[in-house]
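Note sheet for the following structure.
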Amino acid sequence: MITRRNFLKTASIATATFAVPTAHCLAMGKKPVQRPNILWILAEDASAHIGCYGETAIKTPNLDALAEQGIRFENAFVTCPVCSPCRSAFVTGIYQTTLGAHNHRSQSDKGKAKASPQYYKSFELPEAVPMISDIFRKAGYYTTNGKYQTGSAGFSKGKTDYNFINPTPPYDGTDWRDCPKDKPFFSQIQLGGGKSRGYKSGSVIKDFTLPPYYPNTKVMRDDWITYLNSWLKQDREVGEIVQELKDAGKLDNTVIFFLTDHGISHIRGKQFLYEEGIRVPLIIRFPNGRGAKTVRDDLTLHIDLAPTSLALAGIEIPKHFQGRDIFAKTSTPRDFVVAARDRCDETVDIIRCVRTQQYKYIRNFLSYRPHMQPNQYKDGKKIVKHMRQLHEEGKLNELQDRIFNPTRPTEELYDLKSDPFETKNLAGDPKYAKKLAELRNTLYNWMVKTKDLGLIPEPIAEDLGKKYGNKYYILQAKENKNLLQQLIKTIEAGENKDLKTLRKLLKTGNDSQKYWAATWLGVNKDKEATSALKEMTTSETPALRIASLLALHRIKPSDEYLKGLIEEINNPNAIVGMYAMNAIEQTGVLNETTEKAADIAIKSDYNFTKRYAARLKSKFRK
């Protein structure tokens with residue numbers, strides 16, 4: 001493993017490998033040196049189950065060779081364990097929670113995330129935050145993004161899946177081989193990764209042990225085998241890509257980055273902040289053997305690749321970047337990294353985590369909801385159906401069954417040195433109270449410093465984004481300077497059952513505070529708040545009407561409140577309709593009123609509102 005001295009030593013690898021062009025050498029009339037090609041190979045839905053990371057059930061010779069010839073990062077993480085927020089952060093160099101791209105499949109004018117047209121302008125990527133491909137293009141690079149096709153003469157269009165609208169085409173093409181001879185290239189190659197579960201390698205895979213939080217059944221083992229098979233496909237593809245670079249005479253001037261967009265698509269993996277979801281492989285290969293056989297164990301984030309790549313090309317790193325150049329001479333090891341999970345498709349959630357070398361702290365802001373909330377994407381998987389069945393039959397042990405609990409802890413704390421599978425929550429252990437408080441404060445300070453937008457209810461954030469031109473600018477506005485601290489305190493008041501404070505905030509708070517106050521008064525079934533909550537049902541803010549109607553139904557169920565929620569389904573703000581259906585689903589009521597809600601919502605233009613309707617209709621059919 002890398003020591004402090006070796007960490008500093010690797011900082012010199014980039015400059016030792018390339019005499020990067022600078023404005024100084026051009027001003028002095030010196031002949032500029034050849035700039036390196038930058039290649040990102042990005043695979044989907046896969047954790048670090050490859051040979052060089054210790055996997056023994058399969059052999060991955062090409063990826064192992066890449067690591068042998070380069071630098072392997074033992075502790076690399078993504079800022080979000082799901083595709084679109086992760087990729088949005090990846091290509092902008094900043095946290096998705098800062099950009100306002102934190103909700104999976106949001107802010108789009110097409111596809112599943114196609115929302116209300118009157119918001120499209122605010123969905124555009126702000127001028128202050130260009131994509132890295134735009135920066136490379138302006139610096140004279142040819143930019144591409146293609147999906148690798150084995151045995152094909154070219155690439156198909158590569159996955160983007162960004163939670164923003166880019167006003168200009170983000171890439172020049174799909175294939176680095178189309179790059180003009182007088183230009184270097186910045187390219188992304190997309191691999192199917194863990195989504196290639198149908199790949200038949202012909203290998204016999206049997207010697208592996210499932211994580212303890214999964215039952216050792218045939219269904220679970222068969223799925224794990226198909227997942228490991230997908231790694232064999234990726235390994236072969238990486239070998240082919242490297243050979244193609246070599247055949248084209250480009251390998252000796254190309255820096256290769258290999259990583260995945262997040263962890264394995266599994267119950268505790270993709271979408272969640274456990275190690276299985278956020279820890280990924282990262283390998284960087286420099287030409288000519290520079291840095292070969294190096295292993296670094298410092299904490300690294302995927303948003304570091306943007307500034308690192310720019311630095312290698314001699315391009316100035318924008319000041320707004322939140323990632324860092326991991327080879328800079330001034331770089332020092334991080335004390336912690338932070339990851340976030342927010343809405344995934346139709347499923348509303350807010351989770352944050354702080355990960356140090358030894359500890360993982362997880363903050364569940366919707367602790368009154370289960371981990372395994374209904375989600376069309378996950379619930380359609382055979383392994384999830386299987387686990388739910390075993391749960392219903394009482395055949396899971398406590399650890400395996402935990403994720404199906406109706407609520408979850410407000411906080412989770414794990415000692416990763418003694419408990420790498422995150423099975424023993426230490427948050428309630430008095431011996432760890434100091435560490436718990438320390439990491440909680442670390443998270444809150446990070447949220448404020450980075451202007452984390454996640455606690456602003458999404459229907460409200462949608463309108464604020466329109467007001468300020470983009471969600472990115474909401475917390476930069478002077479009047480919202482203390483908003484995040486206010487929301488944290490409001491949610492904590494709800495968790496601590498400080499009902500007096502919550503009742504007061506219903507009258508004196510801003511809209512976001514009122515939303516959380518109403519929500520937690522409902523969760524705590526505070527009858528004394530009934531009058532104030534009824535008054536809020538006529539608010540001009542749709543999110544407050546929804547929050548108050550759901551709270552009132554929690555306190556004393558009534559069809560009147562369900563009918564009120566139906567009125568919000570066709571709101572011009574598409575997120576409002578989705579939240580209304582989310583509230584109806586939370587009530588668990590199946591009657592003529594909710595059947596009517598499903599009939600209305602199934603005709604919605606918003607895909608994720610339709611998903612609630614489809615799920616509700618399926619229950620009526622039973």
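Predicted model only: the values in this text are computed from it and were never measured.
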Pair T330-D325, side-chain contact (heavy atoms from CB on, under 4.5 Å): steps then yes or no: CA-CA 9 Å; T330 56; D325 173 10; over 6 Å; no
Salt bridge (charged side-chain N to carboxylate O under 4.0 Å, His left out) between E237 and K233, intermediate numbers included: CA-CA 6 Å; E237 290 172 336; K233 182 174 186 285; 2.6 Å; yes
Salt bridge (charged side-chain N to carboxylate O under 4.0 Å, His left out) assessment of D175 paired with R177: CA-CA 5 Å; D175 193 336; R177 290 171 292 194; 3.1 Å; yes
Stepwise ring-ring contact (aromatic ring centres under 6.0 Å, His included) test for Y142 and W176: CA-CA 8 Å; Y142 182 75; W176 60 266; over 10 Å; no
Derivation of the ring-ring contact (aromatic ring centres under 6.0 Å, His included) call for F208 and H49: CA-CA 11 Å; F208 62 88; H49 294 107; 9.8 Å; no
Derivation and outcome, side-chain contact (heavy atoms from CB on, under 4.5 Å), residues S187 and I38: CA-CA 6 Å; S187 295; I38 306 294; over 6 Å; no
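Residues satisfying the ring pair (Phe, Tyr, Trp, His ring centres under 6.0 Å) test with Y414, not counting sequence neighbours, are none.
A donor and an acceptor atom, one from each side chain of W231 and S196, are nowhere located under 3.5 Å apart. Between the side chains of D172 and T143, at least one donor-acceptor pair of N or O atoms lies under 3.5 Å. Counting only N and O atoms by type, the side chains of N166 and E124 include no donor and acceptor under 3.5 Å apart. Side-chain N/O atoms of N364 and E412 include a donor and acceptor closer than 3.5 Å. At a cut-off of 3.5 Å, with distance as the only test, a side-chain donor of S156 or Q149 sits close to an acceptor on the other residue. In the model, E244 has a side-chain atom that pairs as donor or acceptor with a side-chain atom of Y148 under 3.5 Å. Defined by atom type and a distance below 3.5 Å, a donor-acceptor pair is missing between the side-chain atoms of T450 and Q322. Checked by atom type, the side-chain pair Y227/S265 shows no donor-acceptor distance below 3.5 Å. Looking only at atom types and distance, the side chain of Y214 has no donor-acceptor partner in the side chain of R221 under 3.5 Å away.
Here the closest non-hydrogen pair linking G100 and Q107 is O-NE2, 3.4 Å. The shortest heavy-atom contact between L299 and R334 is O-NH1, 3.3 Å.
Figure legend: cation-pi geometry between R87 and Y162 absent, as NZ or CZ is not positioned both under 6.0 Å from the six-membered ring centre and within 45° of its axis. With F73 as the aromatic partner, R296 does not meet the cation-pi criteria of under 6.0 angstrom to the ring centre and within 45 degrees of the ring axis. Annotation: cation-pi pair R355/Y361 absent, no NZ/CZ under 6.0 Å from the ring centroid and within 45° of its normal.
Under a 3.5 Å cut-off, the side chain of N229 and the backbone N or O of G198 do not form any donor-acceptor pair.
A salt bridge between R352 and D342 is present, with a side-chain N of the basic residue lying under 4.0 Å from a carboxylate O of the acidic one. Salt-bridge annotation for E74 and R72: present, with a side-chain N of the basic residue lying under 4.0 Å from a carboxylate O of the acidic one. We find that E44 and K195 are joined by a salt bridge, their nearest charged nitrogen and carboxylate oxygen being less than 4.0 Å apart. Ion pairing between D223 and K381 fails under the 4.0 Å rule for side-chain N and carboxylate O. For D45 and K270, the salt-bridge test passes: some basic side-chain N is under 4.0 Å from an acidic carboxylate O. A salt bridge links E240 to R236: one of the charged nitrogens lies within less than 4.0 Å of a carboxylate oxygen.
Annotation: side chain to side chain donor-acceptor pair (under 3.5 Å) contacts involving residues 50-64, sequence neighbours excluded, comprise T60-D64, N62-D235.
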